[in-house]
Number of protein chains: 2
Amino acid sequence: MSEPSVANTLRRPRAPRKTASTDPVSPSVDTPEPSSGLDTSYLETLLGYNARRAALAVITVFLRRMEPFGLRPVDFSVLTLIAHNPGVTSRQLCAELDILPPNLVGMIKSLDKRGLIVRKPHPSDRRAQGLHLSAEGKRLQKQAQTTATRLEHDVSHALTPAELETLNTLLRKVYLR
Amino acid sequence: MSEPSVANTLRRPRAPRKTASTDPVSPSVDTPEPSSGLDTSYLETLLGYNARRAALAVITVFLRRMEPFGLRPVDFSVLTLIAHNPGVTSRQLCAELDILPPNLVGMIKSLDKRGLIVRKPHPSDRRAQGLHLSAEGKRLQKQAQTTATRLEHDVSHALTPAELETLNTLLRKVYLR
DNA sequence: TATTGTTATACTCTATAACTATA
DNA sequence: TATAGTTATAGAGTATAACAATA
């Protein structure tokens, strides 16, 4: 059976709330205007629920904008980590992105076939291989990073720049450490 | 081929940062102390990355705490929506939680077999069926909701109550509307 | 003995097509 | 003609076991 997949437990919701619930446990919050008929007020008090939905909202846009580059979020993360950490090993990428080694093999193979990365022998460990971006990989990653940075502002149009910075800071406080 | 799965594009990362990158596009941020060797400073400026990691951090704890109840996040969401919206239809749950109808069938069937929900004929539409919690379902959902609410405070131990409220508000601004 | 990269493979999650019975 | 619930199934994503080469 194995441990349940964490990533798979994330789902993508669609629409929002209604009124408040008569629940003794749920924290009372301002429940805004209805929209899709159902009362989702309690779920909207949960950090996990809100963070998941926000992440999925951003990722939906990410998928659309990165389509021209043929990059999924995980591909972008891998390329970006290689770009900023030339010579990084597969094992390091796995640890950082929480990908299991067997599942990274295909991604690396694919990026290699596309000519975006090159694998060089590791200087001190002949088992490992250092990962580097090719010239084309560097160009693609730079374009993709620019796209990601622009996307950052677009998806947070409802927030002021200060609010966005606060949001990112608070999110890092949740998952770092 | 079909549209790429949004939920599946979420991955669970593990450890954090290092130094800053010499990238002309990446917004400059305070890059804190290293920890796992790799430079992840740019990724940590991205809302999607931070929201995903925060969501996964919360969900990891959620999975552990909900194990005694035999509930995955999606099961908890379904039970909670039924609890707060008695008589809700499968179709409504699908729209709200962005689950495709064929994929909800098994979950509903499972909750039914466990005796947690009951399906009653819909008062005005004989195609549909209204979903309700059984007595046992109500007890389990209440316990689970209490657990979720407690978890809310535990996972945000690095935040003040005011910060947590701010965080939830900002997250809702990202995905609502 | 442990670790890197790898293959093979099983399990879970997500998506599409198509059916039935009602509307 | 369209919709609610359902079945069957295909495709992505995620997991474990085991192996060869090297540490």
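Chain naming here is simple, since letters A, B, ... match the order of the sequence lines and numbering starts at 1 in each.
- The hydrophobic clustering, which links ILVMFWY residues whose side-chain heavy atoms are closer than 4.5 Å, places Phe69(A) and Ile108(A) together.
- Considering NZ of Lys138(A) and NE2 of His132(A), their distance stands at 9.5 Å, rounded to 0.5 Å.
- An OP1 or OP2 oxygen of dA4(D) is reached within less than 4.0 angstrom by no side-chain nitrogen or oxygen of Gln92(B).
- Here the CD1-OH distance, from Ile59(B) to Tyr49(A), works out to 12.0 Å after rounding to the nearest 0.5 Å.
- Under the 3.5 Å distance criterion, with hydrogens and angles disregarded, a donor-acceptor pair is assigned to the side chains of Asn168(A) and Asn50(B).
- Looking only at distances, no side-chain donor or acceptor of Tyr175(B) sits under 3.5 Å from a matching main-chain atom of Ala51(A).
- One atom, CD1 of Ile99(B), and another, P of dT14(C), lie 8 Å apart when rounded to the nearest Å.
- Following rounding to the nearest Å, Asp75(B) (CG) and dT12(C) (P) show an atom-to-atom distance of 13 Å.
- For the pair Asn103(B) and Val88(B), nearest-nucleotide mapping onto DNA chain D gives the more 5' position to Val88(B).
- Separating the CZ atom of Arg91(A) from the C1' atom of dA23(D) is a distance of 13 Å, rounded to the nearest angstrom.
- Separation of the Phe76(B) and Phe62(B) ring centroids falls under the 6.0 Å cut-off.
- Atom CG in Leu104(B) sits about 14 Å away from atom P in dC13(C), given to the nearest Å.
- Along DNA chain C, the nucleotide nearest Gly130(A) and the nucleotide nearest Pro102(B) are compared for position; the residue whose nucleotide lies closer to the 5' end is Gly130(A).
- Atom pair Ile117(A):CD1 and dG5(C):P shows a separation of 12 Å (rounding to whole Å applied).
- Between Leu56(A) atom CG and dG13(D) atom C1' the separation is 15 Å, expressed in whole Å.
- Regarding Arg72(B), its CZ atom lies at a distance of 13 Å from the C1' atom of dC11(C), rounded to whole Å.
- Taking atom CG of Leu100(A) as the reference point, atom C1' of dA18(D) lies 15 Å away to the nearest angstrom.
- Under the side chain to side chain donor-acceptor pair (under 3.5 Å) rule, Asp125(B) has a single partner from Gln129(B), His122(B), Arg127(B), which is Arg127(B).
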Distances under 3.5 Å between nitrogen or oxygen atoms of protein and nucleotides 21-23 of chain C:
{"unit_1": "dA23(C)", "atom_1": "OP1", "unit_2": "Arg126(B)", "atom_2": "N", "d": "2.8"}
{"unit_1": "dA23(C)", "atom_1": "OP2", "unit_2": "Arg126(B)", "atom_2": "NE", "d": "3.4"}
{"unit_1": "dA23(C)", "atom_1": "OP2", "unit_2": "Arg126(B)", "atom_2": "NH2", "d": "3.0"}

